[in-house]
Amino acid sequence: MTGSIRSGMVGVNVSARERFLIPLGMYLREYYRNTLNLVLLAVIPVLLILSFGDALSRAGELLGVVTTPDMGKAMGALWAAAFLSGIMGFFMMAGAREADRRLVRAGYGTSQVVMIRLTTVALLGAVATTVSYLVLIAQLSPESYGLTFAALYLAAITYGAVGILIGSLIPGELEGSFAMLFFFIMDAFVGSPLFGSASNAFAFLPTFYPTKILAAMVVGGPHDAIHWLYATLYAVTIVVLASVAFYRAARLR
């Protein structure tokens, strides 16, 4: 692997565009060559969207909260996109720490390596979002197809950055995966419409505002445009934190 990296990166005739695209293509191939990744990409959206529709509405009845099967399906799509992106970001970071440092040794700047990794996460997050979105719209018709996709993608990008952040701060794959799973469960269930109105502290959970936007798209409820600003600022903040943590983990010492 080191030889292929060096051969494509240190040649004097390699353009800046090629220097960016060569490792980007390598990172993308690493993802789809893993059969488990493709299985999860196909199974997780279907499983969550189809199973959470009626389950969330029944749980709402027990807790005295009004929810609908369509709302449950929408939350399943959001959680699927977020979970797939977060796990992908985490394992990409945890499993490629030395590969990234080899890129730096081969002549890449650490900032450029960080940008390539973030681009990879953004692209794969778009793939996870698209699969979840297609399964969702096969089940229901949202108020706005474009805004629904955007809300799902915001959640995916945020969780992809969360995965990178956890992978940068916790080097162990077992410990980091437990931390990632715990954080996701807390966000997805405690911060869901079943409990999300109980405390303003839940506004600090990654999918709080994307959930509000998605609810408006699915059930036609009231929607405040400021939620887009809050969700975007949250995503940008997490991306910046993940970039800083990734930079510190990837740089040579």
Side-chain angles (χ1 to χ4, degrees), residues 1-9 20-51 76-104 106 108 112-136 152-153 155-185 188 206 238-239 242-243 245-246 249-250:
M1 179 177 177
T2 305
S4 62
I5 290 176
R6 291 180 181 276
S7 64
M9 300 171 197
F20 186 89
L21 292 178
I22 289 172
L24 177 63
M26 291 171 56
Y27 294 156
L28 293 174
R29 285 192 295 272
E30 286 176 3
Y31 179 82
Y32 70 71
R33 282 176 177 172
N34 188 330
T35 305
L36 179 60
N37 289 336
L38 300 180
V39 171
L40 292 177
L41 186 63
V43 171
I44 293 295
V46 174
L47 180 63
L48 290 181
I49 292 171
L50 297 184
S51 64
L78 185 142
W79 295 338
F83 177 76
L84 288 170
S85 300
I87 289 295
M88 175 266 299
F90 169 73
F91 281 107
M92 181 178 291
M93 180 62 215
R97 198 181 305 270
E98 288 305 316
D100 291 334
R101 289 175 180 169
R102 285 197 292 271
L103 281 175
V104 175
Y108 276 72
Q112 189 176 15
V113 174
V114 171
M115 183 58 65
I116 294 170
R117 281 292 186 189
L118 290 177
T119 302
T120 306
V121 171
L123 291 175
L124 293 177
V127 173
T129 300
T130 300
V131 174
S132 300
Y133 173 78
L134 291 176
V135 177
L136 177 64
L152 295 176
Y153 190 54
I157 286 294
T158 302
Y159 256 94
V162 168
I164 290 176
L165 182 60
I166 292 177
S168 300
L169 298 177
I170 305 177
E173 290 192 4
L174 180 61
E175 298 87 345
S177 59
F178 274 123
M180 185 74 203
L181 186 61
F182 174 80
F183 190 78
F184 173 77
I185 291 175
I238 297 298
V239 168
S243 299
F246 188 6

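Counting from 1, the numbers follow the sequence of the chain as shown. Worth knowing before you read on, the calculation uses all heavy atoms, side chains too, and leaves out hydrogens, waters and symmetry mates.
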Visitor: Which atom names give the shortest non-hydrogen contact between Gly125 and Ser85, and what distance separates them?
Guide: CA-OG, 3.5 Å

Visitor: Side chains of Thr129 and Ile157, heavy atoms from C-beta outward: is any pair under 4.5 Å?
Guide: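 Side chain of Thr129 against side chain of Ile157, heavy atoms only: no contact under 4.5 Å found.
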
Visitor: Hey, is the main chain of Ala81 close enough, under 3.5 Å, to the side chain of Tyr153 for a donor-acceptor pair?
Guide: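 Between the backbone of Ala81 and the side chain of Tyr153 there is no qualifying donor-acceptor contact (under 3.5 Å).
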
Visitor: Where do Ala161 and Ile238 come nearest, in terms of heavy atoms and distance?
Guide: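 The answer is CB-CG2, 3.4 Å.
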
Visitor: Taking all non-hydrogen atoms of both residues, which atom of Ala245 and which atom of Leu165 are closest, and how far apart?
Guide: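 Closest approach of Ala245 to Leu165: CB-CD1, 3.7 Å.
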
Visitor: Holding to side chain to side chain contact (heavy atoms under 4.5 Å, CB included), I want the full list of residues that pass it with Val127, two or more places apart in sequence or in another chain.
Guide: Leu41

Visitor: Suppose we screen for ring pair (Phe, Tyr, Trp, His ring centres under 6.0 Å). Which residues come up paired with Phe184, at least two apart in sequence or across chains?
Guide: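 Applying ring pair (Phe, Tyr, Trp, His ring centres under 6.0 Å) to Phe184 gives Phe83, Tyr159.
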
Visitor: Considering residues at least two apart in sequence or located in another chain, which fulfil the side chain to side chain contact (heavy atoms under 4.5 Å, CB included) criterion with Leu28?
Guide: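 Checked Leu28 against side chain to side chain contact (heavy atoms under 4.5 Å, CB included); matches are Leu24, Thr120, Leu123, Leu124.
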
Visitor: Sub-3.5 Å donor-acceptor pair from the side chain of Ser177 to the main-chain atoms of Leu174, do we have one?
Guide: yes

Visitor: Can you give me the closest heavy-atom contact between Tyr108 and Pro23, atom names plus distance?
Guide: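 Smallest interatomic distance, heavy atoms only, reads OH-CD, 3.6 Å.
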
Visitor: For residues Val121 and Gly89, report the shortest heavy-atom separation together with the two atoms involved.
Guide: CG2-CA, 4.4 Å

Visitor: State which residues pass side chain to side chain contact (heavy atoms under 4.5 Å, CB included) with Glu175; sequence neighbours excluded, sorted by chain then number.
Guide: Ile170

Visitor: Compare every heavy atom of Pro45 with every heavy atom of Leu40, then report the nearest pair and how far apart it is.
Guide: O-CD, 3.7 Å

Visitor: Applying side chain to side chain contact (heavy atoms under 4.5 Å, CB included), can you list everything that pairs with Tyr32, at least two apart in sequence or on another chain?
Guide: Arg29, Leu38

Visitor: So do the side chains of Val162 and Met180 get within less than 4.5 Å of each other, counting heavy atoms only?
Guide: yes

Visitor: Go through the steps for Ile164 and Leu118 under the test side chain to side chain contact (heavy atoms under 4.5 Å, CB included), then give the verdict.
Guide: CA-CA 9 Å; Ile164 290 176; Leu118 290 177; 3.8 Å; yes

